Amino acid sequence: GHATTVCPTCASTSFVGRALKDERENPNMGGAILLGLGAAIISSILWYTIVVLTNYQLGIVAIAVGWLVAQAVMWGAGGKRGPRLQVLSVVITALAMVMSEYLIVHHFTAQALAQQGYTDIPLLLPVTAMFTLVVEGVKADPATLLFWGIALFEGYTLPKVH
């Protein structure tokens, strides 16, 4: 979307002003949360699947995750925008980044352990172990943070009132 500048008089009285006000009033927060989380889960699983199939982590996929979550949040909110939806979109995008990183690092760790004869590594590990895997994954590839930053920027700017 492009930023539009409208004079204060036009904004308060015109169709444009009403449309901008409608765009941010009474967002359906429940719908925004549900669709945002749904997009986060689906996009994280897709990202994980790409990694499993290619055996390579493409950080650029993070940007798509941020975009998808933001779109889902706005759609779920009834096509609304605004600060509350921006915060929600960023929080859900961050959750998606951490969840994806965990799944990806877990995949590679389980692969390495399987080569050493360790099998049956559970998908869900204790929270401290999950956190450690995410931190180690980011340490191993610091560029991940750049892609996360871009994804969070997408999540923040897309639902912004223009």
Side-chain angles (χ1 to χ4, degrees), residues 1-6 11 16-109 123-125 127-162:
H2 299 287
T4 308
T5 306
V6 180
V16 172
R18 282 194 305 278
L20 290 173
K21 192 175 176 194
D22 288 348
E23 189 177 54
R24 58 179 185 261
E25 278 189 349
N26 303 319
N28 177 352
M29 293 304 284
I33 291 167
L34 279 176
L35 286 185
L37 287 173
I41 292 166
I42 291 166
S43 56
S44 292
I45 292 168
L46 284 172
W47 189 3
Y48 171 72
T49 304
I50 290 168
V51 170
V52 170
L53 294 176
T54 64
N55 228 15
Y56 189 72
Q57 179 175 359
L58 299 168
I60 199 158
V61 177
I63 299 166
V65 173
W67 186 86
L68 283 166
V69 168
Q71 294 295 338
V73 164
M74 290 187 300
W75 190 41
K80 305 284 183 173
R81 295 172 181 269
R84 289 191 298 167
L85 296 175
Q86 288 178 270
V87 170
L88 181 63
S89 178
V90 165
V91 168
I92 294 175
T93 299
L95 283 172
M97 297 296 106
V98 171
M99 186 167 54
S100 298
E101 186 68 14
Y102 171 73
L103 290 172
I104 290 164
V105 175
H106 181 281
H107 167 73
F108 288 123
T109 304
L123 179 61
L124 294 177
L125 298 171
V127 173
T128 51
M130 292 172 121
F131 181 75
T132 302
L133 283 183
V134 170
V135 170
E136 290 304 315
V138 171
K139 277 190 196 167
D141 185 8
T144 299
L145 291 179
L146 171 69
F147 292 113
W148 285 17
I150 296 168
L152 293 170
F153 181 76
E154 290 273 326
Y156 179 77
T157 54
L158 284 173
K160 189 175 180 185
V161 176
H162 296 291

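Just so you know, residue 1 is the first one in the sequence shown, and it goes up from there. Source: prediction; values computed, not measured.
Considering every non-hydrogen atom in both R81 and P159, the closest pair reads CB-O, 3.0 Å. Taking each heavy atom of T144 and E101 in turn, the nearest pair found is CG2-OE1, 3.8 Å. Of all heavy-atom pairs spanning V73 and S89, the tightest one is CG2-CA, 4.1 Å. Nearest heavy atom pair, residue H106 against residue L125, reads CD2-CD1, 4.0 Å.
From H107, atom NE2 reaches atom CG of N55 across 5.0 Å, with rounding to the nearest 0.5 Å. Expressed to the nearest 0.5 Å, how far CD1 of I33 lies from CG of L85 amounts to 9.5 Å. Here the straight-line distance linking atom CG of L95 with atom CE of M97 works out to 10.0 Å at 0.5 Å rounding.
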List, one per line, each side-chain donor-acceptor pair under 3.5 Å for residues 43-51, sequence neighbours excluded.
from, atom 1, to, atom 2, distance (Å)
S43, OG, A39, O, 2.6
S43, OG, A40, O, 3.3
S44, OG, A40, O, 2.8
S44, OG, A96, O, 3.3
S44, OG, S100, OG, 2.9
W47, NE1, L58, O, 3.3
T49, OG1, I45, O, 2.7

Side chains of residues 129-141: which donor-acceptor pairs under 3.5 Å do they make with residues two or more places apart or in other chains?
from, atom 1, to, atom 2, distance (Å)
T132, OG1, T128, O, 2.8
E136, OE2, K139, NZ, 3.4

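When L37, L88, T93 are each tested for a side chain to side chain contact (heavy atoms under 4.5 Å, CB included) with V69, only one passes: T93.
Remark: side-chain polar atoms of K80 are paired, donor with acceptor, to backbone N or O of E25 under 3.5 angstrom. For Q86 (side chain) and Y156 (main-chain N/O), a donor-acceptor pair under 3.5 Å exists by modelled atom type.
The local environment of CD1 in I60 is sparse, with at most 12 non-hydrogen atoms from other residues, nucleotides or ligands closer than 6.0 Å.
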